[in-house]
Amino acid sequence: MANTNQFSLSDPKQTQATLAGALANKIKYLQTLEEAIANKDDRLVYQLIDGGRYAKEITRARHIGGDENEQLIYDVHPEISDFLSHKLIAYLREIYPFFYFEETAVGQFQIYFGNWWGRRVFGKLDVLNVKFIFDEGEYGKLARAFALEAENKRLNSDKIKQISEESDRLQALIDDQDKRDVKKEELREEMKRTNQERSGFWKAAEQKEAKQRLVEELTELAELDEKANRAYKQIRENEEKVLALSKEDTLIGYEKQSIVAKFGSFEMFEDKVASLYRDYIADLIATKGVRADD
């Protein structure tokens, strides 16, 4: 009787050959990466960890396969980042002398803008991708400060003006205390006279309206007194706000000066940042990957 339970099975020899080839390819990839690290060939390491980007931006060629091998080293990315950071940061210190770097964990780096008091944390350095990851808030302030130059303003000019005007109004409220006291005394005397007046039926409504008006005026003056009492605290708080904003403007001023001194303009700085990967790999090629500390 014919066997009806038949399935098409792959050729064991072909399967073995395919598997052996795939494993050999992975082993060769890891060996090549190991040799590149041993030889301190950072350029080759970058090519091996992201062949697609390297082909697109450096060789301008079509990238063929190999991406699956890059997944083999995901678990050691921090260590590879730490290895590549030494030469990269030495390069960045020359191109961006106002940036300072702190390693917060293995292969992870924080960027500071400047070495002056109160300097800002400006973002992070992505070593594996040769990329600055700027803090959106801090970078936005810097970009805005450059844009405001056309108006002859600093970043916080409008805020400081607004707060200062509020403090002036509060101070005027405090200064008018004596005038309000005199006015309150006049209103109380008028209230006293009104209460003492005897009026007929036809004057009662008019007298009531007069009393209501006096009460409303006294209430308004009392509310102004209360605002004046709170004004001292608010003025002190405003002074602290203005001081903080002025300090920020000063720090951003230092940052602007640093960028202009090195790049000429903020636009040139942005262009340089955008081409960082290509520029750095080109530098590695030109110097053949020789480390400053070799």
- Message: The test is salt bridge (charged side-chain N to carboxylate O under 4.0 Å, His left out); show your working for R236 and E240 and say whether it passes.
- Response: CA-CA 6 Å; R236 288 195 297 272; E240 292 175 0; over 6 Å; no
- Item | Verdict with supporting geometry, N25 and Y29, side chain to side chain contact (heavy atoms under 4.5 Å, CB included) | CA-CA 6 Å; N25 184 46; Y29 171 82; 5.6 Å; no
- Item | Test side chain to side chain contact (heavy atoms under 4.5 Å, CB included) applied to E34 and L30, step by step | CA-CA 6 Å; E34 182 183 23; L30 292 174; over 6 Å; no
- Message: For E248 and L245: C-alpha separation, side-chain torsions, deciding distance, then whether side chain to side chain contact (heavy atoms under 4.5 Å, CB included) applies.
- Response: CA-CA 5 Å; E248 184 176 54; L245 292 171; 4.3 Å; yes
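The closest donor-acceptor contact from the side chain of R53 to the backbone of N129 lies under 3.5 Å. Counting only distance, with no hydrogens or angles, the side chain of Q110 and the backbone of T104 share no donor-acceptor pair below 3.5 Å. One N or O on the side chain of S265 and one on the backbone of M268 form a donor-acceptor pair closer than 3.5 Å. Looking at R119, its side chain does come within 3.5 Å of a backbone N or O of G114 through a donor-acceptor pair. Using a distance-only test at 3.5 Å, with no hydrogens or angles considered, a donor-acceptor pair links the side chain of D249 to the main chain of N156. E103 places a side-chain N or O within 3.5 Å of a backbone atom of G107 that can act as its donor or acceptor partner.
Within 6.0 Å of the CG atom in D175, the count of heavy atoms belonging to other residues, nucleotides or ligands exceeds 12. When the shell of 6.0 Å around NZ of K124 is examined, it contains 12 or fewer heavy atoms from other residues, nucleotides or ligands. By the 6.0 Å contact criterion, CZ on R144 is open, its count of non-hydrogen atoms from other residues, nucleotides or ligands being 12 or less. Other residues, nucleotides and ligands contribute only 12 or fewer heavy atoms inside 6.0 Å of the CD atom of E136. Within a 6.0 Å radius of CD in E102, more than 12 heavy atoms belonging to other residues, nucleotides or ligands are found. More than 12 heavy atoms of other residues, nucleotides or ligands shown are found within 6.0 angstrom of CD on E57. No more than 12 heavy-atom neighbours from other residues, nucleotides or ligands sit within 6.0 angstrom of NZ on K161. Sparse packing is recorded around OH of Y254, with 12 or fewer heavy atoms of other residues, nucleotides or ligands lying under 6.0 Å away.
For the pair T59/Y54, a side-chain contact is recorded, criterion being any heavy-atom separation below 4.5 Å from C-beta on. Looking at L125 and L92, their side chains come closer than 4.5 Å, going by heavy atoms from C-beta outward. For the pair N69 and L33, the minimum side-chain heavy-atom distance is 4.5 Å or more. Within the 4.5 Å cutoff, no side-chain heavy atoms of L284 are placed close to those of Y91. For the pair D279 and I95, the minimum side-chain heavy-atom distance is 4.5 Å or more. At least one side-chain heavy atom of P97 sits under 4.5 Å from a side-chain heavy atom of K262. Counting heavy atoms from C-beta outward, I285 and I58 have side chains that approach closer than 4.5 Å. Counting heavy atoms from C-beta outward, R120 and D135 have side chains that stay 4.5 Å or more apart.
Separating the CD1 atom in I111 from the CD1 atom in I89 is a distance of 9.0 Å, to the nearest 0.5 Å. E94 CD to D283 CG: the interatomic distance, rounded to the nearest 0.5 Å, is 7.5 Å. In this structure, the separation between CD1 on I49 and CG on L128 is 4.5 Å, given to the nearest 0.5 Å. If you take CZ on F109 and CG on L88, they are separated by 8.5 Å, rounding to the nearest 0.5 Å. Between atom CD of residue Q162 and atom OG of residue S157 there is a gap of 13.0 Å, rounded to the nearest 0.5 Å. Separation of atoms NZ (K87) and CG (D41) is listed at 7.0 Å; rounding is to 0.5 Å.
Contact detail for F83 and V45: the closest heavy-atom pair is CE2-CG2, 4.2 Å. Taking each heavy atom of L251 and G118 in turn, the nearest pair found is CD1-O, 3.0 Å. The minimum heavy-atom distance between Y100 and F98, with the atom names listed, is CD1-O, 3.6 Å. In terms of heavy atoms, S85 sits closest to V127 at N-CG1, 3.8 Å.
A salt bridge is absent between E237 and K241: the closest approach of a Lys/Arg side-chain nitrogen to an acidic carboxylate oxygen does not fall below 4.0 angstrom.
Pairs passing the ring-ring contact (aromatic ring centres under 6.0 Å, His included) check and including a residue from residues 137-165, sequence neighbours excluded, read F134-Y139, Y139-F266, F146-F266.
For F113 and F99, the ring centers sit closer than 6.0 Å to each other. Aromatic ring centres of Y96 and F263 lie closer together than 6.0 Å.
Cluster membership for I163 and L173, using ILVMFWY side-chain heavy atoms within less than 4.5 angstrom, is not shared.
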